[in-house]
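To keep things clear, I will list the structure first and then write my remarks on it.
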2 protein chains.
Amino acid sequence: MRPSKRDELVQKALKVFYRNGFHATGMDMLVTETGVSKTSMYNHFRTKEDLILAVLRLRDEHFRNWLYRRMEERADTPRDQLIAMFDALEDWFEEPGFRGCMFIKASAEYQNADHAIHIQSAEHKRMLQVHVGELARKAGLKNPDALARQLLLLKEGAIVTAHLQHTQAPAQDAKAAALALIELAE
Amino acid sequence: MRPSKRDELVQKALKVFYRNGFHATGMDMLVTETGVSKTSMYNHFRTKEDLILAVLRLRDEHFRNWLYRRMEERADTPRDQLIAMFDALEDWFEEPGFRGCMFIKASAEYQNADHAIHIQSAEHKRMLQVHVGELARKAGLKNPDALARQLLLLKEGAIVTAHLQHTQAPAQDAKAAALALIELAE
DNA sequence: GAACAAATGTACTGATCTGTAAATAAAGTC
DNA sequence: GACTTTATTTACAGATCAGTACATTTGTTC
């Protein structure tokens with residue numbers, strides 16, 4: 001039972017795709033950057049698309065785990081955890097390797113609504129929506145689902161803007177707006 | 001004085017890039033889809049990158065003109081024009097060919113901060129920020145620049161989400177949030 | 001109608017793309 | 001130690017990538 005080789009490949013491929021984009025990253029580049037031979041890659045994944053889907057699955061798992069844990073570390077009540085989401089974003093934006101949201105980029109490169117990569121990216125956002133909506137409900141806020149959608153609009157906007165303008169400032173702009181919306185829903 | 005050939009090429013290339021992405025669109029595809037010969041293309045533009053930059057310039061001009069006019073058509077006062085921005089977004093999202101923001105996608109494919117395509121995409125967003133900030137100032141709202149940044153976060157978030165989920169609903173979610181933020185700033 | 005510029009078709013370069021073939025080298029399992 | 005699985009190297013196929021050379025056609029201007 002080898003847990004490693006395949007997972008190791010996905011993990012390394014994630015870094016390269018995130019840094020370099022999907023179309024711009026060729027399988028040959030992955031061979032040199034990961035040290036995994038080409039034949040091994042096509043042994044584990046039938047196509048490049050399959051590899052990308054595996055990468056996105058790993059990214060989804062990592063990112064949601066990271067974000068949820070960070071929100072819980074920073075605040076005790078569901079209400080404050082919602083607000084802490086934007087502090088977590090700021091931490092992310094400050095990381096040297098920050099390059100925006102991998103799912104937004106994936107859906108930008110694979111635009112067809114029925115493309116597996118696009119569908120999987122949308123699924124990631126849907127799961128975030130469910131979690132944030134649940135928190136808003138636990139916090140006893142009015143219209144929890146509508147509020148969750150609004151908070152996530154702020155989140156996506158902040159990510160895109162932070163990436164475009166190379167500053168972490170959008171996190172605090174979004175936090176201020178989120179705080180106002182939450183207070184109105186109390 | 002020929003206004004047409006070059007502009008016509010840029011206009012047609014815009015459609016293909018918008019629909020198909022940048023890396024995924026080869027010069028040969030542009031040849032067949034635009035009907036402009038390859039030699040003519042490289043007569044007008046030294047490289048593919050130069051063509052993309054021209055496409056983004058045209059897109060910036062078209063989009064800002066369209067948005068500003070739409071906002072003015074829909075509302076008389078600066079305050080209401082800010083809110084009308086989200087109705088205009090909804091009209092856009094409903095268009096059959098809607099595929100998200102071309103500048104977000106460009107910056108997703110050309111990620112380096114010092115890349116000309118990335119810089120030009122950021123410039124588009126900066127000009128929107130200036131215009132919206134000006135409107136907020138004319139409307140006599142508190143902290144007009146901070147408010148403008150927040151409204152634009154909602155706008156970017158709505159565009160990304162509408163593209164990912166294939167629904168125009170984010171426009172109204174963003175509008176409701178924007179209305180709340182504007183009322184708080186009055 | 002001559003002269004010049006712009007646009008064209010065709011064919012090509014060399015590099016890179018995704019994906020494969022075949023033969024070899026490790027590695028664990030019985 | 002034989003057997004099976006897994007990973008490896010090397011080389012390749014066929015398509016497509018950005019960009020170019022060259023000769024031809026078209027259109028405008030004088």
Side-chain angles (χ1 to χ4, degrees), chain A residues 1-58 105-106 108-112 115-118 120, chain B residues 1-58 105-106 108-112 115-118 120:
Chain A
M1 190 77 79
R2 284 277 207 70
S4 57
K5 267 288 165 182
R6 186 195 148 111
D7 297 352
E8 189 185 325
L9 164 58
V10 176
Q11 208 166 337
K12 286 181 176 173
L14 195 159
K15 287 184 190 173
V16 184
F17 279 130
Y18 184 63
R19 177 177 8 105
N20 204 59
F22 297 98
H23 283 95
T25 300
M27 296 301 266
D28 289 308
M29 181 187 284
L30 288 175
V31 165
T32 60
E33 293 244 9
T34 66
V36 178
S37 81
K38 208 176 200 179
T39 321
S40 296
M41 287 189 166
Y42 280 99
N43 234 348
H44 287 300
F45 303 98
R46 267 182 45 259
T47 63
K48 183 183 181 183
E49 183 181 322
D50 281 357
L51 173 58
I52 293 176
L53 288 171
V55 163
L56 291 180
R57 266 189 291 275
L58 182 67
K105 295 194 293 190
E109 291 203 47
Y110 302 89
Q111 305 194 55
N112 270 7
H115 196 296
I117 292 176
H118 195 104
Q120 196 165 309
Chain B
M1 190 78 78
R2 286 279 206 70
S4 56
K5 265 293 164 179
R6 185 193 147 113
D7 296 352
E8 189 185 325
L9 164 58
V10 176
Q11 209 167 336
K12 287 180 175 173
L14 194 159
K15 287 184 190 173
V16 184
F17 279 130
Y18 183 63
R19 176 177 10 105
N20 205 60
F22 297 98
H23 284 94
T25 301
M27 296 302 267
D28 289 308
M29 181 187 284
L30 289 175
V31 166
T32 61
E33 293 246 7
T34 65
V36 178
S37 81
K38 209 174 198 179
T39 320
S40 297
M41 287 189 167
Y42 280 99
N43 235 348
H44 286 301
F45 302 99
R46 269 183 42 260
T47 62
K48 184 184 181 183
E49 183 181 322
D50 281 357
L51 173 58
I52 292 176
L53 288 171
V55 162
L56 291 181
R57 265 189 293 275
L58 182 67
K105 294 194 292 190
E109 291 204 47
Y110 302 90
Q111 305 194 54
N112 269 6
H115 196 297
I117 292 176
H118 195 105
Q120 196 165 309

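So that the names make sense, note that chain A is the first sequence line, chain B the second, and so on, each numbered from 1. Quick note: numbers below take in every heavy atom, side chains included, and nothing from hydrogens, waters or symmetry partners. This structure is a prediction, so every number in the text was calculated from the model and none was measured.
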(message) Roughly what angle, to 10°, lies between the helix axis at the start of the helix from dG1(C)-dC30(D) to dC30(C)-dG1(D) and the one at its end, five pairs per end?
(response)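 Rounded to the nearest 10 degrees, the bend comes out at 10°.
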(message) Is the shortest side-chain heavy-atom distance between M41(A) and T34(A) below 4.5 Å?
(response)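 M41(A) reaches T34(A) side chain to side chain.
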(message) Taking the side chain as everything from C-beta on, heavy atoms only, tell me whether K38(B) gets closer than 4.5 Å to D28(B).
(response) yes
(request) Give the C-alpha distance, both sets of side-chain angles, the deciding distance and a yes or no for side chain to side chain contact (heavy atoms under 4.5 Å, CB included) between R19(B) and V16(B). (result) CA-CA 5 Å; R19(B) 176 177 10 105; V16(B) 184; 4.0 Å; yes
Counting just side-chain N and O atoms, does [X] come under 4.0 Å of either OP1 or OP2 of [N]?
| X | N | value |
| --- | --- | --- |
| H23(B) | dC17(D) | no |
| Y42(B) | dT20(D) | no |
| S40(B) | dT8(C) | yes |

Using whole Å, what does the distance between atom [atom2] of nucleotide [N] and atom [atom1] of [X] come to?
| X | N | atom1 | atom2 | result |
| --- | --- | --- | --- | --- |
| D50(B) | dA18(D) | CG | C1' | 13 Å |
| L30(B) | dC17(D) | CG | C1' | 12 Å |
| M27(A) | dA15(C) | CE | P | 22 Å |
| M41(B) | dA7(C) | CE | P | 13 Å |
| L51(B) | dG19(D) | CG | P | 10 Å |
| E49(B) | dG19(D) | CD | C1' | 14 Å |
| D28(A) | dA11(D) | CG | P | 14 Å |
| R46(A) | dG19(C) | CZ | P | 9 Å |

(message) Counting distance alone, no hydrogens or angles: does the base of dT20(C) have a donor or acceptor under 3.5 Å from a partner atom on the side chain of T39(A)?
(response) no
(message) Counting distance alone, no hydrogens or angles: does the base of dG19(D) have a donor or acceptor under 3.5 Å from a partner atom on the side chain of K38(B)?
(response) yes
(message) Is the ring pair Y110(B)/H115(B) parallel, tilted or perpendicular, if the boundaries are 30 and 60 degrees?
(response)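 Answer is tilted, since the angle falls between 30° and 60°.
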(request) Give a yes or no on whether a salt bridge exists between E109(B) and K105(B), defined as a side-chain N under 4.0 angstrom from a carboxylate O. (result) no
(request) Report yes or no: does D7(B) contribute a side-chain atom to a donor-acceptor pair with the main-chain N or O of Q11(B) at less than 3.5 Å? (result)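 Such a contact is absent between D7(B) side chain and Q11(B) backbone.
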(message) As an exercise, state the distance from CD of E33(A) to CZ of F17(A), rounded to the nearest 0.5 Å.
(response) 11.0 Å
